[in-house]
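Reminder, nothing fancy here: chain letters follow the sequence lines and each chain counts from 1.
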Number of protein chains: 2
Amino acid sequence: MDLVNVMKALGDETRLRMLNLLNKKELCVCEIEELLDINQSNASRHLNKLSSAGLVEYRKSALYVYYKIKDEATAQFPFLVSFLHDETRKLTKCVLDEERLNQYIDSGITCDELKDGRLCFKDNKEEQ
Amino acid sequence: MDLVNVMKALGDETRLRMLNLLNKKELCVCEIEELLDINQSNASRHLNKLSSAGLVEYRKSALYVYYKIKDEATAQFPFLVSFLHDETRKLTKCVLDEERLNQYIDSGITCDELKDGRLCFKDNKEEQ
DNA sequence: TTACTATATTCGTTTATACTCATATATTAT
DNA sequence: ATAATATATGAGTATAAACGAATATAGTAA
């Protein structure tokens, strides 16, 4: 877990968006795919980068892999706390992502249902 | 000055070392070359990246160009304050760089004399 | 067993980054 | 004017990063 690699991991919009959501809630890969509107391959790869940098950890449960922010990361790099709380909300996409996440949580549906398109997001992210 | 570009600029060891020194003192390009032991082309290019990201600003004086950390950067991205103060000191190279800077300042020599090799640094950075 | 699904990984391609060497630019000194 | 110097930039190259599409892997369900 070295600083330069951590900063490289933070230097990508998709990974910032991932961390922003993971800062709110532990999520599985397919939830992240849907919420960020990215494909499975990219989701997995970017999560792997975050994991290699030591920023996130995961647990496997049945078919799913759940990612969350690693406590040791914020312990070792305290600036991450204010960074994740204050800076990501300045990014339009992060704000929209969070609205999607809240809508998903409030709906009470499962990640399988999310993937099946049961939720029509209120934003029109793909048209922006 | 957007967050992603700022983070990209921070994701490089040489630029972190530059910011670490500039956080202590305004410096001209040739001073940075000597203190970090990098060539002129790289020094200029990395400083240009930091400038493009909005992290540093410069003023020209005679032949020299003096770089410093931009107040607006720390104002817009407050995490930078604790980041620059706390995290860079965890990097061995940054600590050595700072020792070189202090030795340079204490010596009272000019940047021209520094470039002429008038100062023999106490560290053996190039052999590490 | 076979079929299905979530995730990871490989392959090939494209784009971005970092570097060295050489040259251009602009200021100072003579 | 010319020479010297600090800095920036161009050209070429090598390395790394990001991506889509396809395939591999591992767990689940039938």
Without decimals, in angstroms, what is the distance between [X] [atom1] and [N] [atom2]?
| X | N | atom1 | atom2 | answer |
| --- | --- | --- | --- | --- |
| A:Y58 | C:dT7 | OH | P | 13 Å |
| B:H46 | C:dT17 | NE2 | C1' | 9 Å |
| A:L50 | D:dA18 | CG | P | 10 Å |
| B:I38 | D:dT7 | CD1 | P | 12 Å |
| B:R59 | D:dA6 | CZ | P | 17 Å |
| A:L47 | C:dA6 | CG | C1' | 13 Å |
| A:N48 | D:dC19 | CG | P | 14 Å |
| B:Y64 | D:dA4 | OH | P | 16 Å |

Can a salt bridge be assigned to the pair [X] and [Y] using a cut-off of 4.0 Å between side-chain N and carboxylate O?
| X | Y | answer |
| --- | --- | --- |
| A:E34 | A:R100 | no |
| B:R59 | B:E26 | yes |
| B:E13 | B:K93 | yes |
| B:R89 | B:E98 | no |

> Quick one: which of C:dT7, D:dT7, D:dC19 gets closest to the side chain of B:V29?
Replying inline: D:dT7
> Looking for any heavy atom pair under 4.0 Å, which part of the strands does B:K60 touch: base, sugar-phosphate only, or nothing?
Replying inline: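 No contact.
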>> Need one value for A:Y67: base, sugar-phosphate or nothing, where a base atom within 4.0 Å counts as base even if backbone is also close, heavy atoms only.
In response: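 Sugar-phosphate contact only.
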>> Between A:K49 and D:dA18, is there a contact of a side-chain N or O with OP1 or OP2 at under 4.0 Å?
In response: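 For A:K49, the contact criterion (side-chain N or O under 4.0 Å from OP1 or OP2 of D:dA18) is met.
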> Does OP1 or OP2 of C:dA18 have a side-chain N or O of B:N42 closer than 4.0 Å?
Replying inline: no
>> Using 30° and 60° as the class boundaries, would you call the ring planes of A:F79 and B:F83 parallel, tilted or perpendicular?
In response: perpendicular
>> Among residues at least two apart in sequence or on other chains, which ones pass side chain to side chain donor-acceptor pair (under 3.5 Å) with A:Y64?
In response: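 By the side chain to side chain donor-acceptor pair (under 3.5 Å) rule, A:Y64 matches A:D112.
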With 3.5 Å as the limit, what N/O pairs link the protein to nucleotides 21-30 of chain D?
from, atom 1, to, atom 2, distance (Å)
D:dA21, N6, A:S41, OG, 3.0

> Are there more than 12 heavy atoms of other residues, nucleotides or ligands under 6.0 Å from atom NZ of A:K60?
Replying inline: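 Not buried by this count: 12 neighbours or fewer within 6.0 Å.
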